[in-house]
Amino acid sequence: MSKYIIKGGNKIEGKLNIRGAKNAILPIMAATILNESVSIIHNVPDISDVHFMIKILESIGCKVSYSDGTLIVDSSFADQVEIEECYVRKMRSSIIIMGAMIGRFDYTKISYPGGCAIGSRPIDLHLKALKELGIRIEEDEGFIKCYKDNLEGNIINFEFPSVGATENAILAAVKATGITKIYNAAREPEIEDLQNFLNKMGAKVKGAGTNYIEIEGVRKLRKVEHDVIPDRIAIGTYMIASALTSGKLEVDNVVISHMEPISDKLRSAGCEIEYKNGGLLLKPPSKIKSIDLVRTSPHPGFPTDMQAQLMTFMTLSDGISVFHETIFENRFMHCAELSRLGANIKYITENICMIKGVEKLRSAKVKSPDLRGGAALVLAALTIPQETEISNIYHIERGYENIENILRGLGADVLKIEEI
Ligand code: UD1
């Protein structure tokens with residue numbers, strides 16, 4: 001189990017250039033199965049979730065190479081239709097491979113992903129969407145067997161705008177006959193990036209980024225080259241690192257509309273944010289202002305993936321902030337660890353908590369509870385002049401490329417201790 005030792009107190013400031021979004025590259029990697037050809041993808045982050053997805057693609061017969069942020073997948077000879085259970089168990093989001101698999105093959109079998117730390121995360125909406133498209137599904141001893149009796153466009157109405165279910169529906173519909181209409185689709189920017197990738201390979205998808213998506217099925221797809229959008233969550237995390245430590249941060253490459261739900265909250269906390277030349281400049285607040293209410297919601301609301309990091313920010317604010325997590329039922333595991341570091345957090349209900357800002361946090365040994373909760377602990381440690389030890393950092397490495405080197409480059413004193 002590796003860990004970080006962070007001696008905080010330094011300003012986190014300078015220039016930042018962040019690679020592509022984890023939540024965009026994973027569905028795009030699934031989509032490479034569809035073209036039976038080569039996909040060249042640039043700006044791919046070097047994170048463990050990407051390496052994991054590479055293993056899945058290789059396990060079905062794809063040839064994959066990855067170096068210097070460029071991923072090349074040749075899916076021409078993919079021929080294995082069963083996804084090994086260990087993959088889906090280890091990375092829940094690998095379920096997004098299901099739509100692409102059944103788009104390409106007549107049959108596929110994948111293990112039921114089960115719950116995960118942040119919530120039970122059922123896949124009923126994914127299965128409903130595939131069934132609407134004519135896929136016959138048998139659930140059998142923890143496995144899902146999908147049969148492509150008749151893949152035909154249809155109307156899909158989501159009762160909740162699930163990101164993964166929207167992506168699975170799009171991936172399956174790309175090669176269906178006729179037109180698929182998705183209502184109440186998730187609007188996350190990463191879905192728009194998936195659409196752009198698919199259209200470059202010859203698919204006909206429109207509307208992603210809005211709550212209505214239309215897909216006209218096509219028979220054949222082709223070779224594709226694509227650049228992944230910047231990771232709004234990683235950028236938001238580093239913005240808070242600077243804001244917490246009175247540093248100025250310049251980010252090279254951002255999409256303003258992707259950043260706004262996050263920037264809006266940081267402005268409420270007293271940050272100044274200026275967009276210029278395709279990038280962003282953050283100036284820290286002289287005093288961190290509390291935010292009355294932070295409620296997570298689907299895009300363009302405030303993202304659940306930034307909830308834990310913003311909570312760390314509020315632990316040092318000048319007043320009381322209330323956090324309401326509406327997307328996942330168990331996404332407050334970082335609260336207990338932040339409390340160990342001296343934060344004043346009280347639960348109101350399971351998914352509402354109140355944070356009263358304190359003058360300063362104090363060092364302790366803490367454990368990353370999950371990916372974003374782990375990032376929240378790193379942020380807290382950056383404010384503490386003594387050494388803070390954070391274990392279970394494999395969670396953090398799932399989604400943050402090279403976080404210790406990036407932070408060091410911005411002035412932090414971070415040591416990674418590798419333990420096998
Ligand atoms: C994606 C993101 C994750 C982010 C989340 C919400 C990826 C790889 N992961 O996860 O980082 O936190 O969106 O923005 O893109 N639900 C159901 N039934 C379903 C599907 C989902 O009840 O069939 C529920 C989930 O349990 C959860 C909520 O819907 O409570 C949101 O889940 P969803 O939008 O599907 O998130 P993911 O795609 O899993």
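Basis for what follows: all heavy atoms, side chains included, without hydrogens, waters or symmetry-related copies. Indexing begins at 1, ligand by ligand and atom by atom, following the structure's order.
Note: an N/O pair closer than 3.5 Å links Gly164 and ligand 1 by distance alone. By the 3.5 Å distance cut-off applied to N or O atoms, Glu167 is not counted among the residues near ligand 1. Geometrically, ligand 1 and Asn23 share a nitrogen or oxygen pair separated by less than 3.5 Å. Polar contact with ligand 1: absent for Pro161 (N/O pair, distance under 3.5 Å).
Within the listing of ligand 1, atoms 19 (C), 23 (O) sit less than 4.0 angstrom from a heavy atom of Ile123. For ligand 1, the atoms closer than 4.0 angstrom to any heavy atom of Phe160 are 28 (C), 29 (O), 31 (C). Atom numbering of ligand 1 starts at 1 in the shown order; those under 4.0 Å from a heavy atom of Arg331 are 12 (O). Residue Ser93 has at least one heavy-atom neighbour below 4.0 Å for each of these atoms of ligand 1: 8 (C). Listed by number with element, the atoms of ligand 1 under 4.0 angstrom from any heavy atom of Thr304 are 6 (C), 12 (O), 14 (O).
Arg104 and Glu36 are joined by a salt bridge, as a carboxylate oxygen and a charged side-chain nitrogen come within less than 4.0 angstrom of each other. Between Glu419 and Lys3, at least one side-chain N (NZ, or NE/NH1/NH2) sits under 4.0 Å from a carboxylate O, which counts as a salt bridge. Glu85 and Lys109 are not joined by a salt bridge, as no carboxylate oxygen comes within less than 4.0 angstrom of a charged side-chain nitrogen. Under a 4.0 Å N-O distance rule, the pair Arg232/Glu190 qualifies as a salt bridge. Electrostatic pairing of Glu260 and Arg267 counts as a salt bridge here, judged by a charged N lying under 4.0 Å from a carboxylate O.
Considering only non-hydrogen atoms, atom 11 (O) of ligand 1 lies nearest to Asp305 out of Asp124, Leu26, Asp305, Asp49. Nearest to atom 21 (C) of ligand 1 by heavy atom, out of Ala165, Pro122, Ala21, is Pro122.
Here Ile327 has heavy atoms under 4.0 Å from ligand 1 in both its backbone and its side chain.
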Is there a ring pair (Phe, Tyr, Trp, His ring centres under 6.0 Å) between Phe143 and Tyr112 once you walk through the steps?
CA-CA 5 Å; Phe143 287 93; Tyr112 203 88; over 10 Å; no
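Ligand 1 does not have Glu159 within reach: every non-hydrogen atom of the residue lies 4.0 Å or more from it. Residue contact check for ligand 1: His126 places a non-hydrogen atom closer than 4.0 Å to it.
Glu225 and His42 are linked by a side-chain donor-acceptor pair at a separation below 3.5 angstrom, with hydrogens and angles left out of the test. In the model, Arg331 has a side-chain atom that pairs as donor or acceptor with a side-chain atom of Thr304 under 3.5 Å. Side-chain contact of Tyr394 with Ser2: a donor-acceptor pair under 3.5 Å is absent, judged by distance alone.
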